[in-house]
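Worksheet: one structure, shown below.
What you see is a predicted model; the values in this text were computed from it and never measured. Side chains are part of it too, since the values below use all heavy atoms of this structure and drop only hydrogens, waters and symmetry mates.
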Amino acid sequence: MARITLRQLLDHAAEYEYGVPAFNLNNMEQGLAIMAAADATDSPVILQASKGARAYANDVVLAKLIDGLVEIYPHIPVCMHLDHGNNEATCATAIQYGFTSVMMDGSLKADGKTPADYAYNVEITGNVTRMAHWAGVSVEGELGVLGSLESGQGEAEDGHGAEGVLSHDQLLTDPEEAVKFVTATKVDALAVAMGTSHGAYKFTRQPDGDVLAMNVIEEIHRRLPTTHLVMHGSSSVPQDLQDIINSYGGQMKPTWGVPVAEIQRGIKHGVRKINIDTDNRMAMTGQIRKVLTENPAEFDPRKYLKPAMDAMTKLCRQRFEEFGTAGQGSKIRPISVSEMAKRYANGSLDPKIGAA
């Protein structure tokens, strides 16, 4: 069965110059929808679960769900990734349940709300990297705090997000500091703060360089050309999905997400992992609202969840194709975590700072 580490997958993405959408997973319907899209497009997959998703679904159920999805689609390379781990224990237990990649978000302290300083971030991320690499598991770190350059505030997701008003220095990753951070922690991927945020309400207008600082990505890539960069909060919040929700009783306020063209720009400058959750939630919610509005007597969950899954599969297929992921799955031969552990131990996977 084709489980793959994030590091191997992103190394392949870098070699072939594509990006990989990382879709958040909470339940069976989402998992089946993502895998159907991957199967239709021959795409490798990053399934990711947050601490909140793990609490919602239960680690045991989530682990067995991933086992089932991988068994149904043995030809699809699947990375199971922990999104926004808040401390060493959260990351360690994810590894125990079969995750092949973990994120240690040391930009915030363990409460998931208080911005942390650089020294704290380096220490805790380094701790997780050493532990995970012993097991052959990949690590994503984060430098800078996710949040809006318009409002100066973070957006909580599953209880995770900075509280209070943040400075521009906190909201933008410092490229010089990024070099030091990757060197010190040996992370496999780096999440960059550049104006994106969680949830649907990212921007109050079509984003430009003042509120979506793609130049930060470009400068970090110039200094760290072999480091895999990650864009969080990168749902595009499509207008047609907003319209469907609101046409059937929803009350979404006008909002803008991250344009696909800007993500494609990022992929040209080292972005290899693109986190998407809100778009899939919207795709599913619109169809659920539609079915229950048009058929108010309906009470069979399958009657509204199936159209919801179909809508999510359509969205996922679109992202696989737009990011260049389509057609790449069958090119990959997954390397086991035990083999990856040997490569970490002999230093062959250490960051190559300044090397192109």
Side-chain angles (χ1 to χ4, degrees), residues 2-23 38 41-48 76-81 100-103 129 132-133 136-143 173 175 178-179 181-183 185-192 194 214-232 234 258 260-276 319-337 339-340 343-344 346-356:
R3 293 207 188 216
I4 189 172
T5 61
L6 184 71
R7 176 59 184 270
Q8 186 194 354
L9 178 51
L10 300 191
D11 281 352
H12 189 270
E15 181 180 357
Y16 290 92
E17 300 182 331
Y18 64 93
V20 186
F23 297 119
T41 57
D42 182 24
S43 298
V45 172
I46 303 172
L47 299 173
Q48 59 183 22
I76 298 177
V78 176
C79 170
M80 188 59 206
H81 177 75
T100 55
S101 176
V102 296
M103 179 190 185
T129 301
H133 284 179
V137 170
S138 310
V139 178
E140 174 188 337
E142 181 173 317
L143 187 62
T173 302
V179 175
F181 183 81
V182 171
T183 303
T185 62
K186 298 186 178 181
V187 291
D188 299 287
L190 178 67
V192 176
M194 26 68 81
M214 296 300 296
N215 62 300
V216 171
I217 293 259
E218 293 168 351
E219 179 58 22
I220 292 173
H221 179 59
R222 187 183 71 80
R223 296 177 185 230
L224 292 169
T226 62
T227 297
H228 306 312
L229 304 182
V230 182
M231 287 178 63
H232 279 244
S234 292
V258 181
V260 168
E262 293 299 318
I263 296 170
Q264 292 169 332
R265 173 183 170 186
I267 291 169
K268 293 177 181 177
H269 294 89
V271 171
R272 299 294 164 225
K273 175 174 177 280
I274 304 100
N275 287 14
I276 295 173
R319 295 294 180 264
F320 283 134
E321 291 162 355
E322 290 166 337
F323 299 167
T325 328
Q328 300 294 339
S330 56
K331 298 178 182 178
I332 301 171
R333 297 294 175 265
I335 299 168
S336 68
V337 290
E339 175 59 29
M340 292 296 287
R343 297 184 187 190
Y344 285 122
N346 68 25
S348 62
L349 296 179
D350 284 355
K352 296 176 175 61
I353 305 302

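Looking at heavy atoms from C-beta onward, V45 lies out of side-chain contact with F23 at the 4.5 angstrom threshold. In this structure, the side chains of F323 and I276 come closer than 4.5 Å at one or more pairs of heavy atoms. The shortest distance between side-chain heavy atoms of E15 and D11 does not fall below 4.5 Å. Counting heavy atoms from C-beta on, the side chains of L349 and M340 come closer than 4.5 Å. A 4.5 Å side-chain heavy-atom check between K273 and Q48 finds at least one atom pair inside the cut-off. The shortest side-chain heavy-atom distance between D188 and L10 does not fall under the 4.5 Å cut-off.
Using bins of under 30°, 30° to 60° and over 60° for the plane-to-plane angle, the ring pair H133/Y344 lands in the parallel bin.
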| request: Go through V179 and L224 one step at a time and tell me if the side-chain contact (heavy atoms from CB on, under 4.5 Å) criterion holds. | output: CA-CA 7 Å; V179 175; L224 292 169; 3.9 Å; yes
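Looking at R272, its side chain does come within 3.5 Å of a backbone N or O of I267 through a donor-acceptor pair. A donor-acceptor distance shorter than 3.5 angstrom exists from the side chain of S234 to the backbone of H232, with no hydrogens or angles considered. Looking only at distances, a side-chain donor or acceptor of S138 sits under 3.5 Å from a matching main-chain atom of L6.
No salt bridge links R222 with E218; every basic N to acidic carboxylate O contact stays at or beyond 4.0 Å.
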